[in-house]
Amino acid sequence: MFRQQGGITLKAVFIGAGSMAEAIIAGAITSGALQAENTYVTNRANNERLKELAAQYGIQSGYDMESALNNADVIVLAMKPKDAAAGLEAIRSYIHNGSVIISLLAGVGIDFMEKAIGKPCAIIRSMPNTSAAVGKSATAIALNKHVTAGQHKAAIDLFTAIGLAITVDESQMDAVTAVSGSGPAYIYYVAEAMQTSGEELGLDHETAKALIIQTLLGAADMLSESNGQAASLRKAITSAGGTTEAAIRTFDEWHVKEAIEAGVKEAAAQSKRLGLSYKH
Ligand SMILES: NC(=O)C1=CN([C@@H]2O[C@H](COP(=O)(O)OP(=O)(O)OC[C@H]3O[C@@H](n4cnc5c(N)ncnc54)[C@H](OP(=O)(O)O)[C@@H]3O)[C@@H](O)[C@H]2O)C=CC1
Ligand SMILES: O=C(O)[C@@H]1CCC=N1
């Protein structure tokens with residue numbers, strides 16, 4: 001029986017103790033989505049890392065899979081996709097009627113996981129991003145048909161603890177991976193180019209960096225407050241005959257917008273190709 005929140009505690013086990021697992025553990029313990037005494041973490045061999053997480057968050061850690069996984073409500077797969085088969089094999093005998101697997105594995109389809117478990121089982125596939133480390137992930141989740149309303153809510157609570165959580169159909173996961181999974185890297189790419197040009201124009205490194213960080217933060221807040229009106233926000237900065245117009249005209253001459261659109265679509269195509277390697 002799946003134990004709901006509201007005074008009753010979920011037992012959650014993280015299989016994998018890397019940066020993504022830590023971001024979710026940190027957010028979920030702080031928000032109360034998970035309780036430290038009922039949260040377990042394990043990994044393949046790095047016991048020092050487990051001790052570090054146990055000390056930092058007050059959670060349970062170790063290699064006794066029996067006591068960790070027995071009666072677990074939520075099992076989070078947080079290893080790299082190449083280790084998916086080993087991770088699924090390690091948990092399969094502990095899956096019971098009330099448990100839900102929440103996978104963070106990029107590109108690993110629900111179908112692959114269902115076949116590896118080999119019996120009806122609730123599975124939620126997610127795509128968070130690295131901004132989870134600062135509580136600002138944009139996460140999409142997709143559910144299989146066995147996920148109950150309570151398990152769906154528990155997953156939304158878990159991912160809301162590290163940012164925004166949206167439910168999509170699994171067929172949209174390649175698009176999500178291309179837009180928000182890889183998305184932070186696109187913004188860093190723009191930041192790198194602004195940093196280089198700022199320095200070439202004579203700003204010192206620290207001054208350029210501080211101005212760029214604040215510019216990105218401010219633009220993100222403006223976008224959020226205007227409900228995503230990027231085009232009109234841009235128009236409001238672009239005076240006729242002014243500096244922004246000169247920059248945008250140059251970007252257009254270099255087909256920057258088309259290049260970004262092509263890059264995002266290629267990321268989705270690569271996500272699809274990678275997913276094919278996780279077919280049974
Ligand atoms: N980084 C990103 O932008 C995003 C990442 N993700 C996904 O998040 C997942 C985790 O990524 P990340 O935190 O960066 O990974 P890390 O490489 O930092 O951590 C992987 C962890 O998995 C453990 N592990 C490997 N195999 C097993 C196993 N068979 N049983 C138990 N534990 C195992 C490793 O243990 P040990 O150290 O002992 O080997 C390690 O603790 C990945 O699947 C990735 O696709 C999703 C969205 C975005
Ligand atoms: O680059 C990648 O393949 C992964 C998926 C999303 C972010 N990083």
Side-chain angles (χ1 to χ4, degrees), residues 12-28 40-54 56-57 59-66 68-69 72 75-94 101-110 112-113 116-117 123-134 136-142 155 158-159 162-166 168 172-189 263-264 266-278:
V13 187
F14 287 78
I15 315 289
S19 48
M20 201 47 87
E22 179 171 8
I24 296 175
I25 290 166
Y40 295 70
V41 64
T42 187
N43 60 11
R44 192 167 24 198
N46 186 349
N47 198 24
E48 279 310 303
R49 170 68 174 160
L50 292 189
K51 286 188 196 154
E52 184 186 303
L53 290 178
Q56 173 93 18
Y57 303 104
I59 59 176
Q60 319 298 311
S61 72
Y63 297 98
D64 181 353
M65 298 296 268
E66 176 73 35
L69 284 164
I75 301 169
V76 181
L77 295 180
M79 69 285 295
K80 289 288 188 201
K82 68 177 175 55
D83 298 315
L88 285 157
E89 182 54 35
I91 65 169
R92 69 187 284 279
S93 59
Y94 298 96
I101 295 172
I102 299 183
S103 165
L104 310 179
L105 314 175
V108 180
I110 287 175
F112 178 90
M113 293 184 269
I117 296 299
I123 299 179
I124 297 177
R125 176 180 170 188
S126 72
M127 175 48 61
N129 69 29
T130 50
S131 304
V134 291
K136 300 226 165 139
S137 174
T139 305
I141 65 172
L158 204 62
F159 288 113
I162 55 157
L164 172 78
I166 292 181
V168 300
Q172 297 185 307
M173 272 295 178
D174 293 324
V176 163
T177 304
V179 169
S180 53
S182 298
Y186 314 153
I187 307 301
Y188 303 141
Y189 189 80
V264 175
E266 188 52 30
Q270 178 68 356
S271 172
K272 200 181 186 101
R273 285 191 286 270
L274 290 172
L276 291 176
S277 57
Y278 292 101

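Read the numbers this way: they start at 1 and go in the same order the structure lists the ligands and their atoms.
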Of the side chain and backbone of [X], name the one, both, or neither that has a heavy atom under 4.0 Å from an atom of ligand 1.
X	answer
M127	side chain
A78	backbone
S126	neither

Exercise. Please indicate whether any nitrogen or oxygen in T42 is less than 3.5 Å from any nitrogen or oxygen in ligand 1.
Key: no
Specify the protein heavy atom at minimum distance from [atom]: its residue, its atom name, and the distance to 0.1 Å.
atom	value
atom 19 (O) of ligand 1	G18 CA, 3.3 Å
atom 8 (O) of ligand 1	L104 O, 3.6 Å
atom 1 (O) of ligand 2	S182 OG, 4.3 Å
atom 40 (C) of ligand 1	A17 N, 3.8 Å
atom 7 (C) of ligand 2	G181 O, 3.4 Å

Exercise. State, yes or no, whether a side-chain contact exists between M127 and V168 at a heavy-atom distance under 4.5 Å.
Key: no
Quiz item: Under 6.0 Å from the OH atom of Y189, do we count more than 12 heavy atoms belonging to anything else shown?
Solution: no
Exercise. Could you tell me which atoms of ligand 1, counted from 1 in the order shown, lie closer than 4.0 angstrom to a heavy atom of P81?
Key: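 Selected atoms, number and element: 42 (C), 43 (O), 45 (O).
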